[in-house]
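Below, all heavy atoms of this structure are taken into account, side chains as well, without hydrogens, waters or symmetry copies.
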Amino acid sequence: MAYLDLTPMLQAMRARPSEFEMYGPFLQHIRSQHLLEVDRRGNAHVHARCDCARLEVSREQSEEMTAALSAWRIVYWEPHLAQIEAEKRAAKINREFASHFRPPGAWRRFLALFRRNDSPLSLIIEDRPIETSRREAQGLKSSEKMSGTEQLELLRS
């Protein structure tokens, strides 16, 4: 009986793994659209629109294709899918990051009119004393204490 020789497909999988992808349970050669299926018994079947699908695959080449397909999945396909997922996560994070810097909408601008106008620096400044040289430059003695608001105003001036 005549069999389909899978050698060119096996060589292409090893040399150019990016020409293939998983299409459901099938291995698909992207350019030719040939599909390869390995059934439960380990027999390989080619599905194609051309005469390539008319010949069966030998048992020996079915076993070789099963091993090559397993290696291709581990070496190429799974890392490729992981890279795609990492790129999707990075794109999502970058979109979220960009959203933090969009101009506020009308509602937020309206609410901002009623918010306290405290600077985030005032929280930091209240916990830290002003340097002695600055106090003395303003005519204060080093023993005098300043409130957080006074410190903030001193920094702004």
- Query: So which pairs with a foot in residues 31-43 pass salt bridge (charged side-chain N to carboxylate O under 4.0 Å, His left out), sequence neighbours left out?
  - Reply: Glu19-Arg31

- Any pair with a residue in residues 67-79 that passes salt bridge (charged side-chain N to carboxylate O under 4.0 Å, His left out), sequence neighbours left out, goes on the list, sorted by first then second residue, please. none

Non-neighbouring partners of [X] that pass side chain to side chain contact (heavy atoms under 4.5 Å, CB included), sequence neighbours left out:
X     : value
Glu87 : Gln83
Glu21 : Gln28, Ile30, Trp77
Pro17 : Trp72, Tyr76
Ser70 : Ile74

- Query: Do any N or O atoms from the side chain of Ser62 and from the backbone of Ala44 form a donor-acceptor pair under 3.5 angstrom?
  - Reply: yes

Distance-only criterion, 3.5 Å: show the donor-acceptor pairs between side-chain atoms of residues 93-114 and protein atoms not counting sequence neighbours.
residue, atom, partner, partner atom, Å
Asn94, ND2, Ala90, O, 3.2
Ser99, OG, Glu96, O, 2.5
Arg109, NH1, Pro104, O, 2.7

Pairing residues for [X] by the salt bridge (Lys or Arg N to Asp or Glu O under 4.0 Å) criterion, not counting sequence neighbours:
X     : result
Arg14 : Glu64
Lys92 : none
Glu56 : none

- Item | ring-ring contact (aromatic ring centres under 6.0 Å, His included): pairs with one or both residues in residues 33-66, sequence neighbours excluded | Phe26-His47

- Item | Residue pair Leu36 / Met65: nearest heavy atoms and the distance that separates them | CD2-CG, 3.2 Å

- Query: Shortest non-hydrogen contact from Cys52 to Leu4?
  - Reply: O-CD2, 3.5 Å

- Task: For residues 2-11, pull every pair meeting side-chain hydrogen bond (donor to acceptor under 3.5 Å, both in side chains), keeping only residues two or more places apart or in separate chains.
- Result: Asp5-Thr7, Asp5-Gln61, Thr7-Gln61

- Message: What verdict does the side chain to side chain contact (heavy atoms under 4.5 Å, CB included) test give for Val46 and Leu6, after you've listed the backbone C-alpha separation in whole Å, the side-chain angles of each residue and the deciding distance to 0.1 Å?
- Response: CA-CA 9 Å; Val46 173; Leu6 293 183; 3.9 Å; yes

Single-linkage hydrophobic cluster [X]~[Y], side-chain heavy atoms < 4.5 angstrom:
X     : Y     : value
Leu10 : Leu69 : yes
Met9  : Val75 : no
Tyr23 : Leu81 : no

- Can you tell me how far CD1 of Ile84 sits from CZ of Arg89, rounded to the nearest 0.5 angstrom? 12.0 Å

